[in-house]
Engineer: 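Here it is, the structure, as C-alpha cells.
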Amino acid sequence: KNRLLFVDKNCVGVKTGFTDNAGRCLVNAHEEDGMQIISVVLNCQPMFEECNRLTNLAIENYMMKEFIKPYNFVSNIEILDSQKAEIGVITIKGFAIPIKKSEESKYEVKYIMPDSLVAPISLNQSVGKVQVLYNNEVIYEGDLITIEGAKNNNMKYLFDNIIDKWF
C-alpha cells in the first residue's frame, strides 16, 4: 500500500493506518547520508506526497555532521623524563549528529590537553578531553588517550620506585 517504498530508494520503513478519529495516517522512515528522517502525518488525504514533502524539507535544511571520528589521531604530546620524546594521542569515541545547515558555524570542536606529560605514562591513559560546543556551550565531551606507554628514566624516580617495592 505504501507507494514511497517503490518510488524512494532511501525509504526504509513505513506504517500506514486509518482510524475514525485520526483518519489516514502514515509514518515514514528515510535514510540518507547517515541521517534517518522520520515523517508522520495524521488525517492527511495526500499522505504519501506530504511525507515525501516533509522528508525533502528535512534534507534541504539538515545534514549529518561528524565532529569527531572514533580512534582518530589528534596530536603528539612532549614527554619529560623518558627516552621517548613524545607520545601520540587519539580520540576514543566518535560524535556525529544531525544539524541545521544554516547553523554549522555555531559549532566548534575544542581539544583540551597539556603541552607536555611526565613519565611514566601507560597505554590508553586519559590525558585530555575533546569537546563539541554549540553557541559556546558543551554538548559533548570525550576522553583523549595515549596510543602507547612510556617509562620514566629519571634516576630519582627509579630509585624511589625500587625503595617502595622493597618496603
Side-chain angles (χ1 to χ4, degrees), residues 4 8-15 27-40 51-167:
L4 295 177
D8 180 357
K9 66 179 169 109
N10 296 319
C11 183
V12 294
V14 295
K15 175 66 177 117
V27 176
N28 186 60
H30 176 100
E31 286 182 357
E32 189 168 328
D33 297 328
M35 185 169 59
Q36 188 175 68
I37 300 163
I38 308 295
S39 304
V40 179
C51 269
N52 195 45
R53 185 187 73 76
L54 292 171
T55 298
N56 289 332
L57 188 63
I59 291 168
E60 287 173 23
N61 290 291
Y62 289 86
M63 66 184 214
M64 194 66 170
K65 177 76 174 175
E66 183 177 39
F67 291 98
I68 302 166
K69 293 180 187 227
Y71 302 103
N72 189 49
F73 178 79
V74 174
S75 178
N76 285 316
I77 297 179
E78 178 185 18
I79 302 177
L80 306 174
D81 295 337
S82 177
Q83 289 181 340
K84 293 181 182 181
E86 56 188 26
I87 198 164
V89 175
I90 62 170
T91 60
I92 300 174
K93 296 180 181 178
F95 181 71
I97 57 171
I99 64 168
K100 276 189 166 181
K101 291 177 181 178
S102 62
E103 294 184 350
E104 187 174 9
S105 64
K106 294 181 180 183
Y107 291 88
E108 175 188 2
V109 177
K110 187 175 178 181
Y111 296 95
I112 303 165
M113 58 188 166
D115 293 328
S116 63
L117 297 168
V118 178
I121 298 163
S122 58
L123 170 68
N124 295 331
Q125 181 176 327
S126 178
V127 294
K129 299 284 183 190
V130 58
Q131 296 178 333
V132 177
L133 295 91
Y134 173 73
N135 278 339
N136 296 318
E137 289 194 33
V138 176
I139 61 169
Y140 172 81
E141 183 173 87
D143 287 327
L144 299 175
I145 62 168
T146 58
I147 60 173
E148 59 184 326
K151 293 181 180 178
N152 188 310
N153 67 354
N154 178 297
M155 290 307 283
K156 180 179 178 344
Y157 172 82
L158 294 172
F159 182 72
D160 288 346
N161 200 14
I162 290 170
I163 297 298
D164 283 346
K165 288 186 185 206
W166 278 359
F167 298 104

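Hydrogens, waters and symmetry mates play no part in the numbers below; they use all other heavy atoms, side chains included.
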Engineer: Above 12 or not: heavy atoms from other molecules or residues under 6.0 Å from CZ of Phe73?
Structural biologist: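 Yes, the 6.0 Å shell around CZ holds more than 12 heavy atoms from other groups.
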Engineer: For the backbone of Gln125 and the side chain of Thr146, can you confirm whether one donor and one acceptor N or O come within less than 3.5 Å of each other?
Structural biologist: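 Side chain of Thr146 to backbone of Gln125: a pair is present.
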Engineer: Under the 3.5 angstrom rule, does the side chain of Thr91 hit a backbone N or O of Asn72 as a donor-acceptor pair?
Structural biologist: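 Side chain of Thr91 to backbone of Asn72, a donor-acceptor pair under 3.5 Å: yes, one is there.
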Engineer: Calculate, to the nearest 0.5 Å, the distance between atoms CG and CD1 belonging to Leu117 and Ile79 respectively.
Structural biologist: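 The distance works out to 6.5 Å.
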Engineer: So does Lys101 have more than 12 non-hydrogen atoms from other groups sitting under 6.0 Å from NZ?
Structural biologist: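 Result for NZ/Lys101: enclosed.
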Engineer: Determine whether Asp143 and Lys129 make a side-chain contact, defined as any pair of heavy atoms from C-beta on separated by less than 4.5 Å.
Structural biologist: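 Result yes, sub-4.5 Å side-chain heavy-atom pair found.
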Engineer: Do the side chains of Asp33 and Met64 get nearer than 4.5 Å, heavy atoms only?
Structural biologist: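 Counting from C-beta outward, Met64 and Asp33 never come under 4.5 Å.
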Engineer: Would you compute the distance between atom CD1 of Ile59 and atom CD of Glu32 and round it to the nearest 0.5 angstrom?
Structural biologist: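 CD of Glu32 is found 4.0 Å from CD1 of Ile59.
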Engineer: Surrounding NZ of Lys69 (heavy atoms of other residues, nucleotides or ligands, distance under 6.0 Å), is the total greater than 12?
Structural biologist: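 Count not over threshold, so no.
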Engineer: Looking only at heavy atoms, what is the nearest atom pair of Ala29 and Ile38, with distance?
Structural biologist: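 Taking Ala29 first and Ile38 second, the nearest heavy atoms are CB-CD1, 3.7 Å.
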Engineer: Measure the shortest side-chain to side-chain distance between Phe95 and Ile139 over non-hydrogen atoms and say whether it is less than 4.5 angstrom.
Structural biologist: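 Of all side-chain heavy-atom pairs linking Ile139 with Phe95, at least one is under 4.5 Å.
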Engineer: Determine the minimum heavy-atom distance between Asn76 and Glu86, stating which atoms define it.
Structural biologist: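 Asn76 and Glu86 have their closest heavy atoms at ND2-OE2, 3.2 Å.
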Engineer: Knowing that exactly one of Asn56, Asp8, Thr55, Asn52 qualifies, which makes a side chain to side chain donor-acceptor pair (under 3.5 Å) with His30?
Structural biologist: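 Of Asn56, Asp8, Thr55, Asn52, side chain to side chain donor-acceptor pair (under 3.5 Å) with His30 is met by Asp8 alone.
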Engineer: Are Val74 and Met113 close enough that some pair of their side-chain heavy atoms sits under 4.5 Å apart?
Structural biologist: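 Val74 reaches Met113 side chain to side chain.
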Engineer: First locate atom CZ of Phe67, then atom CD of Gln131, and finally report the distance between them rounded to the nearest 0.5 Å.
Structural biologist: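 Reported value, rounded in 0.5 Å steps: 13.5 Å.
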Engineer: Please step through side chain to side chain contact (heavy atoms under 4.5 Å, CB included) for the pair Ile97 and Tyr140, ending with a clear verdict.
Structural biologist: CA-CA 11 Å; Ile97 57 171; Tyr140 172 81; over 6 Å; no
Engineer: Which pair of heavy atoms, one from Glu148 and one from Ile121, lies closest together, and at what distance?
Structural biologist: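 Closest pair (atom of Glu148, atom of Ile121, distance): O-CG2, 4.5 Å.
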Engineer: Drop me the distance from Ser75's OG to Ile87's CD1, to the nearest 0.5 angstrom.
Structural biologist: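 Here the rounded value is 12.0 Å.
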Engineer: Taking the side chain as everything from C-beta on, heavy atoms only, tell me whether Val89 gets closer than 4.5 Å to Ile147.
Structural biologist: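 Of all side-chain heavy-atom pairs linking Ile147 with Val89, none is under 4.5 Å.
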Engineer: Quick one: sort the Tyr107 and Tyr134 rings into parallel, tilted or perpendicular, breaks at 30° and 60°.
Structural biologist: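 Answer is tilted, since the angle falls between 30° and 60°.
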Engineer: Can you tell me how far CG of Leu4 sits from CG of Asn10, rounded to the nearest 0.5 angstrom?
Structural biologist: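 Answer rounded to 0.5 Å: 11.5 Å.
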Engineer: Is the side chain of Ser82 donor-acceptor paired with the backbone N or O of Lys151 at a distance under 3.5 Å, no angle test?
Structural biologist: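 Yes; at least one donor-acceptor contact below 3.5 Å.
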Engineer: Kindly compute the distance separating SG (Cys51) from CD1 (Ile37), expressed to the nearest 0.5 Å.
Structural biologist: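 Answer for the SG-CD1 pair, Cys51 versus Ile37, is 11.5 Å.
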Engineer: Locate the shortest heavy-atom distance separating Asn152 from Ala119; write the atom from each residue and the value.
Structural biologist: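 That closest heavy-atom pairing would be ND2-O, 2.5 Å.
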Engineer: So, do Glu104 and Ile99 sit near enough that their side-chain heavy atoms are less than 4.5 Å apart?
Structural biologist: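 Of all side-chain heavy-atom pairs linking Ile99 with Glu104, at least one is under 4.5 Å.
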